[in-house]
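Note sheet for the following structure.
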Amino acid sequence: MAASTRTTGRTELSSRYDPTGLEGPLYEGWVEAGLFHVPAADARRPYVIVIPPPNVTSVLHMGHGLNNTIQDVLIRRRRMQGFDALWIPGTDHAGIATQNVVERQLGEEGLTRFDLGRDAFVARVWDWVREYGDQIITQLRVIGCSCDWERTRFTLDEGLSRAVREVFVRLYEKDLIYRGRYIINWCPRCGTALSNEEAEHRDHQGTLYRIRYPLADAPEEAVEVATTRPETMLGDTGLAVHPDDERYRDLVGREAILPLVGRALPIVADGYVDPAFGSGVVKVTPAHDPNDFEIGQRHGLEPLDVMTDEATMNEAVPEPYRGLDRLEARARVVADLEAQGHLIRVEEHAHSVGRCYRCDTIVEPRLSEQWFVRMKPLAAPALAAYQAGELRFHPARYGKIYQNWMENIRDWVISRQLWWGHRIPVWYCRADGCGEVVVSRDDPDACPACGGALERDTDVLDTWFSSWLWPFSTLGWPEETEDLEAFYPTDTLVTAPEILFFWVARMAMAGYEFMGRLPFTDVLLNGTVRDHLGRRMSKSLGNGIDPIEVVELYGADAMRFTLVRGAPLGTDLQLNNEDLEEAFRPGRNFANKMWNAARLALPHLHSEPGLDPEDGAVSRALADRWIRSRLATVGVQVDAAFEEFRLHEAAEACHAFVWGDFCDWYLELAKRRLGEDASGRTEAAATLSLVMRGWLSLLHPIMPFITEAIAGRLPGAEAGTLVTGPWPSFPADWRDEEAEAAIEALREMVGAVRALRAEYRVDPGTPLAIRLGAASDALARALAEEKESALRLAGISSIGPLEDDADTPGAHAVLRSGGELFIPLEGVIDLKRERDRIAEEVRRTSDLLRRTEGKLSNEGFLGGAPAEVVDREREKRDSLLEQRARLEEKLHALRGSP
RNA sequence: GGGCGAAUAGCUCAGCCUGGUUCAGAGCGCCUGCCUUACAAGCAGGAGGUCGGGGGUUCGAAUCCCUCUUCGCCCACCA
């Protein structure tokens, strides 16, 4: 325990919990003891979680903090319960993100990846990964994550790469992977295709341009078309109207002239066109719009790609526009249209625009030859599993979102025009007229058809094409490994809702396709961490909180507790990023409270030689019976909360118990018996030790460090660790209604005295001589044993019998648990004030009584409510009647006094 | 256009699924008094809420249903 100087200037063991230097060594000890490692051979009762692999480029942020804390809490509890709890860690090669990082680095040297060439560039990325790639892994240790580090995987590892390749080949052989020219989302900055999920659509206040296209056979006539992307008109190859649109019936089959270009555009009729939108005439640009592409297919309108990979206008457009960026071209086109009298008008138009999820550049829908996965056949079993209840989402509402996406699933573009990633295992024969395409698990040397030279596809695969295999590729698939046998399927997946489609749904599909069953049964979706203004924490806003900084300031436990308690499943969590102390105060204060409770308890426990905590289970002392009863109750609550993934409730229940019951009352009551020559000292110490071990265990999954540190100092705990349990289960016969009622009555009495003291501003140092009458059995029982503690806690010098003391000025209270309290307060009491106060009590009681009597006189209630509810209501009425009678008596007496 | 979520104390949020416990709880903040030898990162006491509005179901609604308002999120090929 660290020593430091207290604010008062006295030097002693620190009264403030300082986690510095305590957490690291504990963690190292756990790892060295191999407590997180689970060999397949030993796994009898596995419980498995695979980490959502963070990007190898990432540094830990609070979102990771929340997500991984939740996983660690689940894993640690299962481990304590005796499961072979395996948490598989690793990182994702993150194609675009990582390539971007290294390209940026090159940029600072004035180089591009093309200057290096493919092989050198990839080598350079590997260098980067080897140097910085384990940063986030290291950081996960700092926040206490109990992953099996011997199993750390990387999506570009040799083994995982083999899995990727196997999957590609198998799907190709099943005709579930195909190559084709379709409209895809293209990021001109990253220079690659993106999947639908990687294009984020956001509302955008844009402009709608209305343009006239003259008719070929009647140049004085024209039709009006509307577009938000005028530059694409250079690629128009037709116009379309709705087949039932009377206005344009005679146009179908004729041609219009494309302004600025002069090309003749056939006018076709197609059901896609909405006659009510704009003019009801659509320009058809098959190479730059998915709908137009389909219209074009139906009517034989050729696609004309007018852009380069960088989204500048290409050779297919008239000379003045060539080489212009798409936005420059847009301005130029609009200006020229206006100059030539073809621009009818422009108007504001709200629509949504897709942006690259990696660099926020506006994506260009563009015709391109890419590799696709046919998703419908893969989705079917994964969807059925959900509908059959085999896959559960928490919160459940995410299930509907999953279902909706699965039902409307579209094919997945998996090729990326990048260098960093799994290279597509496809070779094309270069021999004239051969056309052989080789898709192979092993690199082929020559064309198997003609023996000609082969050229490998230059593209790599979407990063998620390796992620979706994660639950089994990390276990050695496609080899039939012992690990796979022992640990697949996994149990719980904890992740963020943003990647429900990217990752969760695809893993479900891959699990079925390649392993024949779901990869996990429960999916927890954790919320988003936001700043105090409710904004998402992000690098660009600079409003993030560094978990490592928080750990350095307040400890990992404080951070974990704050996160778990503050974030009920699926709800967002707001943290003040400008005041870390405020943000993490709840956890820090709680850790401090525990620390100080230990400071009080431990010396007493160690002054009892040979103390056996198990003796605490049989102590008959009232306070001991009470705290055991409370602990047993809390144990059940915490267990139930964990089972249903309500982690915040478990945290809350522990907090309320440790602070409100254990520290506030049990320790205070125990002080009397822990005195040097007190009788029952051994029993008290044993109970204290036993109960502490109990709640330290309950809290260990959430706050592993401080609980372990304290538990390690309990008597008889030298050899043990909380990490491996056991998870506590308290005997049902610890529940003790009598003891609970007694201590509850004691608390009420002490509270009443304290309230009256505060009400009349009696100095805390002034002892009061109180009088007590008609005490309930519960209170009498409590006082018989704990009178001394009650005196100390309430600041009472004596408890005398209640007499007819109407003449004595003082304060009165009627206890709910039964009993009447009088505090003579000569010279202090204000009679009028006391009368008012009691009158107010009478009013309050009468209000309650009125409600209760209202119910009891309502036949509907008597007939409709369950008997026990009615009984409870009757008891309540009787008690209230009694209380009110007493209070009115007092009021009467006070009115009669001077 | 479709779907979902949220609205409870000054702030951040529990409670709602499975309606009924002595006037709806916590943390933080606020007020008053205390360094009472585990803890001032604390202790004691206290103020503060017509549970977003309206309607309905019920003997009884923060809780179930409908509706409105305001925020937020997701999906979608409206040129």
Side-chain angles (χ1 to χ4, degrees), chain A residues 7-8 10 12-13 15-17 183 201 208 225-229 240 272-274 276-279 281-285 289-294 349 351-352 365 395-398 400-401 404-405 408 497-498 500-501 528 532 534 554 562 565-568 570-576 581-583 585-586 588-603 648-649 652 655-656 663-664 667 671 751 754-759 761 763-765 792-793 795 816 844-845 847-849 851-852 854-855 858-866 868-870 872-873 876 879-880 883:
Chain A
T7 45
T8 52
R10 278 176 296 165
E12 54 181 39
L13 278 180
S15 66
R16 288 190 175 181
Y17 173 57
I183 299 281
H201 288 268
L208 188 65
V225 302
T227 181
T228 54
R229 294 190 292 154
Y272 163 77
V273 180
D274 176 5
F277 188 91
S279 63
V281 183
V282 176
K283 64 194 258 315
V284 182
T285 321
D289 182 282
N291 299 307
D292 291 10
F293 177 75
E294 285 176 19
H349 181 68
H351 61 131
S352 81
R397 66 187 135 92
Y398 283 105
K400 288 182 229 164
I401 297 177
N404 184 270
W405 188 77
N408 298 292
E498 296 96 276
L500 189 61
F501 308 139
T528 304
H532 58 296
Y554 312 116
T562 303
R565 177 156 181 223
T571 65
D572 291 352
L573 171 69
Q574 284 206 22
L575 293 172
N576 190 339
E581 183 176 331
E582 193 208 293
R585 189 169 289 151
R588 182 200 61 171
N589 290 3
F590 187 37
N592 191 55
K593 188 73 178 177
M594 289 163 60
W595 176 253
N596 278 293
R599 277 208 316 146
L600 170 65
L602 291 172
H648 76 286
E649 216 173 289
E652 180 69 41
H655 180 265
C663 291
D664 286 354
L667 284 181
K671 279 176 181 172
R754 285 170 171 172
L756 289 174
R757 180 194 293 279
E759 174 84 18
R761 308 237 177 281
D763 189 90
R792 177 168 50 84
L793 293 172
R816 285 201 319 233
R844 193 182 67 86
T845 312
D847 282 350
L848 292 174
L849 206 45
R851 281 190 176 199
T852 302
K855 283 189 186 177
N858 180 332
E859 284 181 29
F861 176 72
L862 295 175
E868 56 184 65
V869 173
V870 177
R872 205 155 51 213
E873 209 62 32
K876 193 202 298 187
S879 163
L880 287 168
Q883 286 173 48

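Below, read A as the first sequence line, B as the second, and so on, with proteins coming before strands; counting in each chain starts at 1.
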Go ahead and name the base partner of B:rC73; Watson-Crick or wobble counts if both distances stay under 3.5 Å, otherwise write none. B:rG3
Using a heavy-atom cut-off of under 4.0 Å over every strand shown, decide if A:Asp664 touches base, sugar-phosphate, or nothing. sugar-phosphate
Go ahead and name the base partner of B:rU63; Watson-Crick or wobble counts if both distances stay under 3.5 Å, otherwise write none. none
If you check the A:Ala755 side chain, which of B:rC13, B:rG45, B:rA41 turns out closest? B:rG45
Would you give the length of the straight line joining atom OG1 of A:Thr845 to atom CG of A:Leu880, rounded to the nearest 0.5 angstrom? 6.5 Å
What is the distance from atom CG of A:Leu573 to atom OG1 of A:Thr528, rounded to the nearest 0.5 Å? 10.0 Å
Give A:Arg229 one of three labels, base, sugar-phosphate or nothing, depending on what nucleic acid heavy atoms sit under 4.0 Å from its own. nothing
With respect to the phosphate group of B:rG29, does any side-chain polar atom (N or O) of A:Arg585 fall under 4.0 Å of OP1 or OP2? yes
Hey, does the side chain of A:Arg588 reach the backbone of A:Thr562 with a donor-acceptor pair shorter than 3.5 angstrom? no
Using whole Å, report how far CG of A:Asp274 lies from P of B:rC77. 16 Å
Counting side-chain heavy atoms from C-beta on, which of B:rC74, B:rG20, B:rA38 comes nearest to A:Arg599? B:rA38
For A:His648 and B:rG27, give me the distance from atom NE2 to atom P, rounded to whole Å. 15 Å
Just to confirm, is there a sub-4.0 Å distance from OP1 or OP2 of B:rA6 to any side-chain nitrogen or oxygen of A:Thr571? no
Check every strand shown and say whether A:Gln883 touches a base, only sugar-phosphate, or nothing at a heavy-atom separation below 4.0 Å. base
For a quick check, tell me whether the side chain of A:Lys593 and the base of B:rC39 share a donor-acceptor pair closer than 3.5 Å. yes
Who pairs with B:rC16 - Watson-Crick or G-U, where each distance is under 3.5 Å: none
Sugar-phosphate only, base, or nothing, as touched by A:Phe590 at under 4.0 Å among non-hydrogen atoms: nothing
Under a 3.5 Å cut-off for both contacts, is B:rC23 paired Watson-Crick or G-U wobble with anything, and if yes, with which nucleotide? none
Check every strand shown and say whether A:Tyr398 touches a base, only sugar-phosphate, or nothing at a heavy-atom separation below 4.0 Å. nothing
Please tell me which of the listed nucleotides, B:rA79, B:rC34, B:rG27, lies nearest to the side chain of A:Pro586? B:rG27
With heavy atoms under 4.0 Å as the rule, sort A:Leu880 into base, sugar-phosphate or nothing. base
Answer for the Watson-Crick or wobble partner of B:rG42, both distances under 3.5 Å, is B:rC34
I'd like to know if A:Arg588 reaches the base of B:rA41 with its side chain, counting only an N/O donor and acceptor under 3.5 Å. yes
A:Asn576 side-chain N/O to A:Ala583 backbone N/O, donor-acceptor pair under 3.5 Å: no
From B:rA38, B:rA41, B:rG27, pick the nucleotide closest to the side chain of A:Asn589? B:rA41
Could you give the distance separating B:rU63 and B:rG19 at their P atoms, to the nearest angstrom? 12 Å
Assuming nearest nucleotide by heavy-atom distance, tell me which of A:Ala226 and A:Glu759 is located more 5' along RNA chain B. A:Glu759
Considering only side-chain heavy atoms of A:His349, which listed nucleotide, B:rA79, B:rA41, B:rG15, is closest? B:rA79
If I compare all heavy atoms of A:His349 with all of A:Phe277, which pair ends up nearest, and what's the gap? CE1-CZ, 3.9 Å
With a 4.0 Å cut-off on heavy atoms, is A:Arg757 in touch with a base, just the backbone sugar-phosphate, or nothing at all? nothing
Roughly how many Å apart are B:rU18 and B:rA24, using the P atom of each and rounding to a whole number? 23 Å
Whether A:Trp595 and A:Tyr17 hold their rings parallel, tilted or perpendicular, with breakpoints at 30° and 60°: tilted
Under 4.0 angstrom, heavy atoms only, what part of the nucleic acid is A:His201 near: base, sugar-phosphate, or nothing? nothing
Under 4.0 Å, heavy atoms only, any strand: does A:Arg397 hit a base, just the sugar-phosphate, or nothing? sugar-phosphate
